Amino acid sequence: MVVTPWEVKGKVDYERLIREFGTQPLTPELLSRVESRTGKLHLQLERQIFFSHRDLDTVLDLYDKGVKFVLYTGRGPSGPVHIGHLVPWIFTLHIQQKFNTRLYFQLTDDEKYLIDDDATLKETSHWAYENALDLIALGFKPEDTFIIYDTEDIDLLYDITLQVAKRITYSTARSSFGFQDSTNIGWVFWPAIQAAPCFIHKKLTGENVPALIPAAIDQDPYWRVTRDIAPKIGYYKPAQIHCRFLPGLGAGGKMSASMPETSIFTMDQPDAVKKKIWNAYTGGRGTAAEQRKLGADPTVCSIFQYYFFLFEEDAARLAERERKCKVGEMLCGECKMDIAEKLNRFLQNHQERREKAKDVIEQYHIKRK
Ligand code: TYM
């Protein structure tokens, strides 16, 4: 298994990541503290899609004492958004609504330019705009959502970035990120820029409050180095809440834009979705007769995961689907047809809202506030 901010390979063992990254599991006790604030737990907490954290308990302690927090998350705009990216953003919206907090959202066109040999800044900046539309389409409101386009807004981040960069040694950066002699020096410096939005709220408002970062666990190395230096420059350590990866449609592995045939992008059209779903890896048997007799295995099925992560909120209906699959009452074709329909309905709504976002996108830009 490899899990870094730039690569996720193999079968991800989340328990092992908690141990190796040194994060904390989300305990039932902590979840009930969240529940007492939010009402019914969000599906992604109930199903342990968010499974790990750093300092969520500290953030809640401070909140109880009247110190609010801000949310921070982001996207590396290397291409179109896929539905895996939406998983932490949907959760972020929920936390924003329940706690009435500000969100800082970083679009790292600079990062994607530096790490991809073939990328141009023109392309990554274009994707930053396109990806912002996907964020807005989920329902974030301009009053409390601040989008940062790195290359355009670097003057807002630069002094904080320097404070951070000055305190991270090359040796720490190399061991945290696996830099090699051949790594370009832009990339070596870059993690300080992803750290900066953790602290920008104080610069903008004068309020020193912690940031809580919802993201998949691949981003964790950034926060490890940022947390070490935060107190030295007068800020709270940023807190994290980590989610699992929505798998791709192939056999294992996360949904990844670099594998378009096994990813569902937000702008995919209905026929493309049907085709990708039709070719998806499932836990089915070689023939329909065999499957009716022996049942199938939802634990290895990519399609079942889509119901689990996003498209079946009703626990009883999910359990019934699982049961029917296991005993061979429902075959893969039927399950695939259902998910293709649900996905296409979701995407159609998303695409409509995304189109409308073009009229208001400027209201979210941190520089226009
Ligand atoms: P990026 O563009 O790789 O990913 C954007 C967000 O999506 C999460 N993610 C996934 N979540 C569930 N299932 C998947 N298959 C999946 N693939 C990706 C990522 O964990 C991330 O939360 N460097 C960052 C951009 C960034 C950022 C941040 C991310 C800047 N500041 C703060 C999170 C928090 C990047 O390239 O993300």
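Just so you know, residue 1 is the first one in the sequence shown, and it goes up from there. Note that ligands are numbered from 1 as they come in the structure, with each ligand's atoms numbered from 1 the same way. Please read all numbers here as calculations on a predicted model, not as lab measurements.
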Any idea which part of E111 is under 4.0 Å from ligand 1, heavy-atom wise: side chain, backbone, both or neither? side chain
Have a look at G253, G74, P5 and point out the one with the heavy atom closest to atom 27 (C) of ligand 1. G74
Salt bridge check: are K203 and D159 linked by an N-O gap of less than 4.0 Å? yes
If I apply the N/O under 3.5 Å rule, does A215 come out as touching ligand 1? no
Between E341 and R345, is there a side-chain N and carboxylate O pair less than 4.0 Å apart? yes
Can you check whether G84 has an N/O within less than 3.5 Å of an N/O in ligand 1? yes
F105 ring center near W89 ring center (under 6.0 Å): yes
Just by distance, do the side chain of K141 and the backbone of G139 share a donor-acceptor pair under 3.5 Å? yes
Geometry only, no angles: is V87 polar-contacting ligand 1 at N/O separations under 3.5 Å? no
With respect to D218, determine whether any N or O atom, backbone or side chain, lies less than 3.5 Å from an N or O atom of ligand 1. yes
Mark the output for W223 as yes if a heavy-atom distance to ligand 1 is under 4.0 Å, and as no if none is. yes
Distance-only N or O hit between ligand 1 and Y222, under 3.5 Å: no
Looking only at atom types and distance, does a side-chain atom of H365 sit under 3.5 Å from a main-chain N or O of E362, one as donor and one as acceptor? no
P88 near ligand 1, heavy-atom distance under 4.0 Å? yes
Does Y113 have more than 12 heavy atoms from other residues, nucleotides or ligands lying within 6.0 Å of its OH? no
Does R244 make a cation-pi contact with Y14, if we ask for NZ or CZ under 6.0 Å from the ring centre and within 45° of the axis? yes
